[in-house]
Amino acid sequence: MAIYRAETKPISRSAGRSVVAAAAYRAGEDLTNEVDGHEHKYSPRQNSVAHKAIFIPGGGTADRSELWNDAERSEKRKDARTGREWVVALPHELTSEQRAELADSFARELVQRYGVAVDVAVHLPGDEGDDRNHHAHIMTTTRTVERGGDGKLSFGDKSTIELSDKKRQGMGLGKAADEVKEVRQLWAGLANAALERAGQEARIDHRSNAEQGLDRVPERHMGPNVVALERKGHQTPTGNHNRRIRAENAQRAEVIDFALAKLAQAVNAMREGFERVAQAFDRLTPPIQQKAEKTANKWMAFSKGLKAGAAKDAEAERKRQMDERMRLAEERLRAAAAEKERAEQRAKNAKEHQEMLQARRDRGGRGRGR
């Protein structure tokens, strides 16, 4: 499985570092810092260097001592950044020649992108470390570089990746951190293209586990010293941490695999159920269609009869309503006649009562006169 690693950090005088010393160590050479006179002898390490090359804008190459001493002299500040380093993991699935070409292609991209000089050193895995740990140290100048008419290197302004976010914003550029992410993505694209050309299925991804949607905790990087101790049977804090993370990731993977298996079973059961329903529907379709046609014919016949009888029903309803109105009128007339008769009777009774009272009064008066 190919491993993704693409880290960058500046080489700064404020940290007590020398870009000449860094170049000597990575290339496995003896170089002298002409600014302070210090000699850096790393030629005994040359057997660990599988490939090295220098690229400058406009094509061609440069002498390593000349390049990095000129880079030192181009900076005046005591806390200046004199170089930048990229450390990338080279896929162990590739051959030595393919790894060298991949590292060089990344260097050429950096030259094209920033106009800087780039020094490539491909390192072999350590004798006591992980034998898959093929990697490259890729150093760049912090300033743009060009070859002058006199054949000497000329250093210009700081490359855009070295500028502050404020200066980058004034130039219409994004943040430097975003620039680093873009270069990390560039490396992933180059490495995956190399793996594809080599006929390898392995791929790398510059994104974090969370960005990839992976429920997995990343392990800590173990340097060559830690790997050497672990291989000798000595447990280290980093090794213990990674063992715990691997166990937790394995448990997560088991849970996810179990859940995916159950989900696949459910999906298959649903698919089989749908297929059975479809087959049953296919068998029932002809009878259903025949029944539907019969029902439709009956409904049409019923609709025709309904329309034919609708006029008769309407006429009968109008006659019924007329008869009802006449009946109600006759009842109202009879009620009025009865009420009139009752009123006449009440008037007659009242008159007779008055006459009776008057007769009584008359008889009473005559009695008193005697």
Side-chain angles (χ1 to χ4, degrees), residues 1-9 26 48-53 55 85-110 112-113 118 120-138 180-228 230-231 238-239 241-261 264:
M1 175 181 175
I3 299 174
Y4 179 84
R5 184 189 179 194
E7 302 171 355
T8 185
K9 55 186 176 181
R26 281 132 184 85
S48 65
V49 181
H51 167 76
K52 53 187 174 182
F55 302 88
E85 180 181 31
W86 289 87
V87 181
V88 295
L90 298 170
H92 67 90
E93 293 87 350
L94 301 179
T95 65
S96 178
E97 292 76 13
Q98 290 168 341
R99 286 190 289 268
E101 175 54 33
L102 173 57
D104 288 351
S105 66
F106 183 53
R108 286 189 288 267
E109 289 287 344
L110 294 177
Q112 181 67 27
R113 189 181 185 105
V118 182
V120 178
V122 174
H123 286 191
L124 297 170
D127 294 336
E128 297 180 347
D130 189 341
D131 56 7
R132 300 168 301 172
N133 188 26
H134 298 273
H135 59 282
H137 296 267
I138 300 176
V180 171
K181 289 181 180 179
E182 290 180 7
V183 178
R184 284 167 52 83
Q185 183 176 0
L186 169 66
W187 167 250
L190 292 173
N192 286 333
L195 287 165
E196 184 176 4
R197 286 193 301 270
Q200 299 290 335
E201 295 182 358
R203 297 292 185 271
I204 62 175
D205 197 318
H206 69 284
R207 298 173 299 171
S208 65
N209 289 340
E211 290 173 332
Q212 296 179 59
L214 299 177
D215 185 18
R216 187 173 64 201
V217 179
E219 298 180 20
R220 292 175 182 170
H221 174 69
M222 294 198 305
N225 294 334
V226 174
V227 172
E230 289 284 336
R231 285 200 164 189
T238 302
H241 172 83
N242 287 348
R243 278 184 284 274
R244 178 174 59 82
I245 294 301
R246 281 194 290 271
E248 293 176 357
N249 286 337
Q251 290 179 345
R252 285 190 177 90
E254 290 179 1
V255 172
I256 292 173
D257 290 343
F258 177 79
L260 290 176

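All residue numbers refer to positions in the sequence shown, counting from 1. Remember, it's a predicted structure, so these values are computed and weren't measured experimentally. Because only heavy atoms are used, hydrogens play no part in the values below, and waters and symmetry mates are left out as well, while side chains stay in.
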Keeping [X] on the side-chain end and [Y] on the backbone end, is there a donor-acceptor pair under 3.5 Å?
{"X": "Y4", "Y": "R184", "value": "yes"}
{"X": "D104", "Y": "A53", "value": "no"}
{"X": "E109", "Y": "F106", "value": "no"}

Do the non-hydrogen side-chain atoms of [X] and [Y] ever get within less than 4.5 Å of each other?
{"X": "W86", "Y": "V180", "result": "yes"}
{"X": "V88", "Y": "R5", "result": "no"}
{"X": "V122", "Y": "V49", "result": "no"}
{"X": "E196", "Y": "R203", "result": "yes"}

Could you grab the distance from atom [atom1] of [X] to atom [atom2] of [Y], nearest 0.5 Å is fine?
{"X": "L90", "Y": "I3", "atom1": "CG", "atom2": "CD1", "result": "11.5 Å"}
{"X": "Q98", "Y": "H134", "atom1": "CD", "atom2": "NE2", "result": "12.0 Å"}
{"X": "I204", "Y": "L195", "atom1": "CD1", "atom2": "CG", "result": "7.0 Å"}
{"X": "Q200", "Y": "N192", "atom1": "CD", "atom2": "CG", "result": "12.0 Å"}
{"X": "L124", "Y": "S48", "atom1": "CG", "atom2": "OG", "result": "7.0 Å"}

Side chain to side chain contact (heavy atoms under 4.5 Å, CB included) between V87 and I138, intermediate numbers included: CA-CA 6 Å; V87 181; I138 300 176; over 6 Å; no
Heavy-atom closest pair, residues L102 and A194: CD1-CB, 4.2 Å
Closest heavy-atom contact between W187 and A89? CZ2-O, 3.5 Å
Answer yes if the ring centres of H135 and H123 are under 6.0 angstrom apart, and no otherwise. yes
Got a salt bridge between R108 and E101, using NZ or NE/NH1/NH2 to carboxylate O under 4.0 Å? yes
Could E97 and R99 be called an ion pair, given the rule that one side-chain N must be under 4.0 Å from one carboxylate O? no
